[in-house]
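Inspection log for the structure reproduced underneath, given as structure tokens.
Position 1 is the first residue of the sequence; numbering continues from there.
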Amino acid sequence: MAIDSAGYTRQLLALAPQGLAWPRDPGSRFVKTMRAYADSLARLDKRADDLINELDPRTTYELLPEWERCFGLPDGCSTQGQTLEERQQQVHNRFVGKWGQSRAFFISIAASLGYTITIDEFVPFRCGLMQLGIDELNHEDSAFCWRVNIRISDNAREFHTGISELGERLTDFRLAAALECLFRRLKPAYTIVVFNYA
């Protein structure tokens with residue numbers, strides 16, 4: 001917590017030598033000079049406190065562009081017109097992110113963006129191990145494919161006459177586009193991800 005100007009004035013006067021040449025009268029030039037120094041020290045202390053807030057991506061303001069530069073943001077998966085809070089959250093997610101390739105990892109990413117998803121993994125059909133009519137008849141290459149089922153009803157923004165403008169989409173899936181981009185970037189390189197909107 002920063003010390004104010006009065007606190008620094010008291011400290012400077014306490015450190016000054018004693019005697020007639022250094023009067024402690026509040027109206028003296030010596031005390032006024034110490035107050036001027038104290039104002040500068042208090043401003044410097046306040047800026048140091050502000051810098052502590054810049055160390056955390058959730059509270060950064062002045063250094064947010066520097067944080068974004070370090071993490072390569074905004075990237076191709078960032079949506080346009082993000083608020084300050086959304087930008088801070090995106091930097092924070094990159095800063096503390098625990099990356100992985102499990103189902104739970106991708107489901108948690110979708111949840112952080114406001115989506116409820118399920119993930120289906122496909123298994124190639126094997127004669128003798130699977131039954132026709134019960135198991136899916138998948139091709140050999142389907143072992144490298146997985147499907148993300150996205151429930152978008154809560155997050156879709158629909159066109160409304162009198163409110164929406166000409167040129168806007170009838171249904172806007174911008175957040176879903178960001179989710180797709182993120183999943184394509186984070187998926188295992190040898191896999192193919194398919195998106196199913198329910």
Distance in Å, [X] [atom1] paired with [Y] [atom2], rounded so as to fall on 0.5 Å steps:
X      : Y      : atom1 : atom2 : answer
Ser5   : Asp45  : OG    : CG    : 11.0 Å
Phe106 : Leu179 : CZ    : CG    : 10.0 Å
Arg35  : Leu13  : CZ    : CG    : 8.5 Å
Asp49  : Ile3   : CG    : CD1   : 9.5 Å
Lys46  : Leu41  : NZ    : CG    : 15.5 Å
Ile117 : Arg147 : CD1   : CZ    : 12.5 Å

Linking I/L/V/M/F/W/Y whenever their side-chain heavy atoms sit closer than 4.5 Å, directly or via other members, would [X] and [Y] fall into one cluster?
X      : Y      : result
Leu51  : Tyr61  : yes
Val96  : Phe105 : no
Leu182 : Ile119 : yes
Tyr197 : Ile107 : yes
Val91  : Leu186 : no

Any sub-3.5 Å donor-acceptor pair from [X]'s side-chain atoms to [Y]'s backbone N or O?
X     : Y     : value
Glu86 : Thr83 : yes
Gln88 : Thr60 : yes
Asn53 : Thr59 : no
Thr33 : Arg29 : yes
Gln89 : Arg58 : no
Glu68 : Arg87 : no

Suppose clustering is done on Ile, Leu, Val, Met, Phe, Trp and Tyr with side-chain heavy atoms closer than 4.5 Å. Which residues sit in the same group as Ile52?
none
If you look at every heavy atom in [X] and [Y], which pair is closest and at what distance?
X      : Y      : answer
Trp67  : Leu55  : CZ2-O, 3.2 Å
Trp22  : Pro17  : CB-O, 3.6 Å
Phe122 : Cys145 : CD1-O, 3.3 Å
Thr9   : Met34  : OG1-O, 4.4 Å
His92  : Asp56  : ND1-OD1, 4.4 Å
Leu20  : Pro23  : O-CD, 3.8 Å

Salt-bridged, Arg47 to Asp50, with N to O below 4.0 Å?
yes
Would you say Phe30 has more than 12 foreign heavy atoms packed within less than 6.0 Å of its CZ?
yes
Could you check Arg184, Arg185, Arg69 and say which one makes a salt bridge (charged side-chain N to carboxylate O under 4.0 Å, His left out) with Asp75?
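Running salt bridge (charged side-chain N to carboxylate O under 4.0 Å, His left out) over Arg184, Arg185, Arg69 with Asp75 returns exactly one hit, Arg185.
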Which label fits Phe183 and Phe195: parallel for a plane angle under 30°, tilted from 30 to 60°, or perpendicular past 60°?
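Judged by the thresholds at 30° and 60°, the geometry between Phe183 and Phe195 is tilted.
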Is the ring pair Tyr190/Phe144 parallel, tilted or perpendicular, if the boundaries are 30 and 60 degrees?
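Tyr190 vs Phe144 ring planes: perpendicular.
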Start with the C-alpha distance between Arg103 and Glu121, add both sets of side-chain angles, then the distance that settles side-chain contact (heavy atoms from CB on, under 4.5 Å), and finish with yes or no.
CA-CA 9 Å; Arg103 259 189 208 190; Glu121 295 179 282; 3.1 Å; yes
Going through the checks in order, is the side-chain contact (heavy atoms from CB on, under 4.5 Å) test met by Lys187 and Val148?
CA-CA 12 Å; Lys187 72 177 182 61; Val148 178; over 6 Å; no
